[in-house]
> 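First the structure, then my questions, so here it is.
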Amino acid sequence: MLAHTESVTLEAPAAIVYAYLADPGNLPKWANVFCQSIEHDGNGWRAQTVAGQIGIRYECHEVCRTIDIVSLIEPGVEDTAYTRVMPNGAGCEFTFTFYRDPDMSDELFDSQRWGLREELRTLRAIIRQLSEG
């Protein structure tokens, strides 16, 4: 499958950015093109997305600062986005990789790439506000 990776340099320590991103409750704040809202339902997380309501599972590794965001599309069908927060001087670098499903149209893939770029701009602004205040 074709992979797409975007990254953004953030002006805050990696530990602070990781803690923010590892909290599923923050997903609609920064990934607002993909996720409009999220709630804990006792068994996990349910997100309202552009594709409708889906389950979300976070698989986090604090030492490596990786956060795999698993979308539970339907029973037995999962789609994972792989992210990592890496130190970069006094700040950090955040990378986000997703794969193009073989059945995905060019238009949808391009739309998802555009959406991710917008979300990373939003994330940069949020992290800037957190580090300033």
> Would a single hydrophobic cluster contain both Val33 and Ile54, if residues Ile, Leu, Val, Met, Phe, Trp and Tyr are joined by side-chain heavy-atom contacts under 4.5 Å?
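Hydrophobic grouping puts Ile54 apart from Val33.
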
> Taking the six-membered ring for Trp, are the ring centroids of Tyr20 and Phe94 within less than 6.0 Å of each other?
no

> Where the side chain of Ser71 meets the backbone of Ile73, is there a donor-acceptor pair that is under 3.5 Å apart?
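Absent.
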
> Starting at CD of Glu39, measure out to CZ of Arg46 and round the result to the nearest 0.5 Å.
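Glu39 atom CD to Arg46 atom CZ measures 8.5 Å (nearest 0.5 Å).
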
> How far apart are the closest heavy atoms of Val85 and Cys92, and which atoms are they?
CG1-SG, 3.9 Å

> Quick check on the hydrophobic clustering: are Val8 and Ile69 connected, directly or via other members, by side-chain heavy-atom contacts under 4.5 Å?
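As far as the 4.5 Å side-chain criterion goes, Ile69 and Val8 are connected within one cluster.
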
> Report the distance from atom NE2 of His61 to atom CZ of Arg84, rounding to the nearest 0.5 Å.
9.5 Å

> Might you work through the side-chain contact (heavy atoms from CB on, under 4.5 Å) test for Leu72 and Ile56, ending with a clear yes or no?
CA-CA 6 Å; Leu72 311 167; Ile56 298 281; over 6 Å; no

> Between Arg100 and Asp106, does any NZ, NE, NH1 or NH2 come within less than 4.0 Å of an OD or OE carboxylate oxygen?
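Salt bridge between Asp106 and Arg100, a charged N being under 4.0 Å from a carboxylate O: yes.
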
> When you measure from the centre of the six-membered ring of Tyr18, is the NZ or CZ of Arg65 closer than 6.0 Å and no more than 45° off the axis?
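No, Arg65 does not lie over the aromatic ring of Tyr18.
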
> Nearest 0.5 angstrom please: Asp68 CG to Arg57 CZ, how far?
9.5 Å

> Can a side-chain donor-acceptor contact be found between Gln48 and Ser37 if the only test is distance below 3.5 angstrom?
no

> Going by atom types alone, do Thr95 and Ser7 pair a side-chain donor with an acceptor below 3.5 Å?
no

> If I take atom CD1 from residue Ile67 and atom OG1 from residue Thr83, how far apart are they, to the nearest 0.5 angstrom?
4.0 Å

> So which heavy atom on Ala12 is nearest to which on Val17, and how close?
CB-CG2, 3.9 Å

> Considering only heavy atoms from C-beta outward, does the side chain of Thr122 approach that of Leu120 to under 4.5 Å?
no

> Measure the CG-CZ distance between Leu123 and Arg121 for me, rounded to the nearest 0.5 Å.
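Between atom CG of Leu123 and atom CZ of Arg121 there are 12.5 Å.
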
> Any donor and acceptor pair, going by atom type alone, linking the side chain of Asp41 with main-chain N or O of Gly44 inside 3.5 Å?
yes

> Evaluate side-chain contact (heavy atoms from CB on, under 4.5 Å) for Asp79 paired with Asp101, printing each intermediate quantity in order.
CA-CA 9 Å; Asp79 184 33; Asp101 184 282; over 6 Å; no

> Hydrophobic clusters here meaning ILVMFWY residues chained together by side-chain heavy-atom distances under 4.5 Å, can you tell me if Ile127 and Ile16 are in one?
no

> Would one find more than 12 heavy atoms of other residues, nucleotides or ligands at under 6.0 Å from atom OH of Tyr99?
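No, the 6.0 Å shell around OH holds no more than 12 heavy atoms from other groups.
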
> Just so I know, are the side chains of His4 and Gln112 near enough to count as touching, which here means a heavy-atom distance under 4.5 Å?
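Side chain of His4 against side chain of Gln112, heavy atoms only: no contact under 4.5 Å found.
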
> Just to verify, what does Tyr58 make a ring-ring contact (aromatic ring centres under 6.0 Å, His included) with, not counting sequence neighbours?
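Partners of Tyr58 by the ring-ring contact (aromatic ring centres under 6.0 Å, His included) criterion come out as none, since no residue qualifies.
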
> Looking at Phe34, is its backbone amide N or carbonyl O close enough to the side chain of Glu119 to form a donor-acceptor pair, meaning the two atoms are under 3.5 Å apart?
yes

> I'd like to know whether Phe109 forms a ring pair (Phe, Tyr, Trp, His ring centres under 6.0 Å) with Phe98, so could you lay out the CA-CA distance, the side-chain angles of the two residues, the decisive distance to 0.1 Å, and finally the verdict.
CA-CA 10 Å; Phe109 186 64; Phe98 68 91; 5.8 Å; yes

> Distance from Asn26 atom CG to Ile38 atom CD1, nearest 0.5 Å?
9.5 Å

> Quick check on the hydrophobic clustering: are Met104 and Val77 connected, directly or via other members, by side-chain heavy-atom contacts under 4.5 Å?
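Cluster IDs for Met104 and Val77 differ.
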
> Please step through side-chain hydrogen bond (donor to acceptor under 3.5 Å, both in side chains) for the pair Thr9 and Glu93, ending with a clear verdict.
CA-CA 4 Å; Thr9 302; Glu93 196 75 16; 2.5 Å; yes

> When you group the ILVMFWY residues by side-chain heavy-atom contacts below 4.5 Å and let the links chain together, are Leu27 and Leu130 in the same group?
yes

> Side chain of Ser111, backbone of Glu107: donor and acceptor closer than 3.5 Å?
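Such a contact is absent between Ser111 side chain and Glu107 backbone.
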
> Does a side-chain N-to-carboxylate-O contact under 4.0 Å join Glu6 and Arg113?
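No, Glu6 and Arg113 are not salt-bridged.
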
> What closest approach, in Å, do Pro28 and Gly25 show between heavy atoms, and which atom pair accounts for it?
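Looks like CD-O, 3.6 Å.
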
> Report yes if some heavy atom in the side chain of Leu10 is under 4.5 Å from a heavy atom in the side chain of Arg124; otherwise report no.
yes

> May I have the step-by-step check of side-chain contact (heavy atoms from CB on, under 4.5 Å) for Leu21 and Trp30, ending in yes or no?
CA-CA 9 Å; Leu21 292 169; Trp30 70 271; 3.6 Å; yes

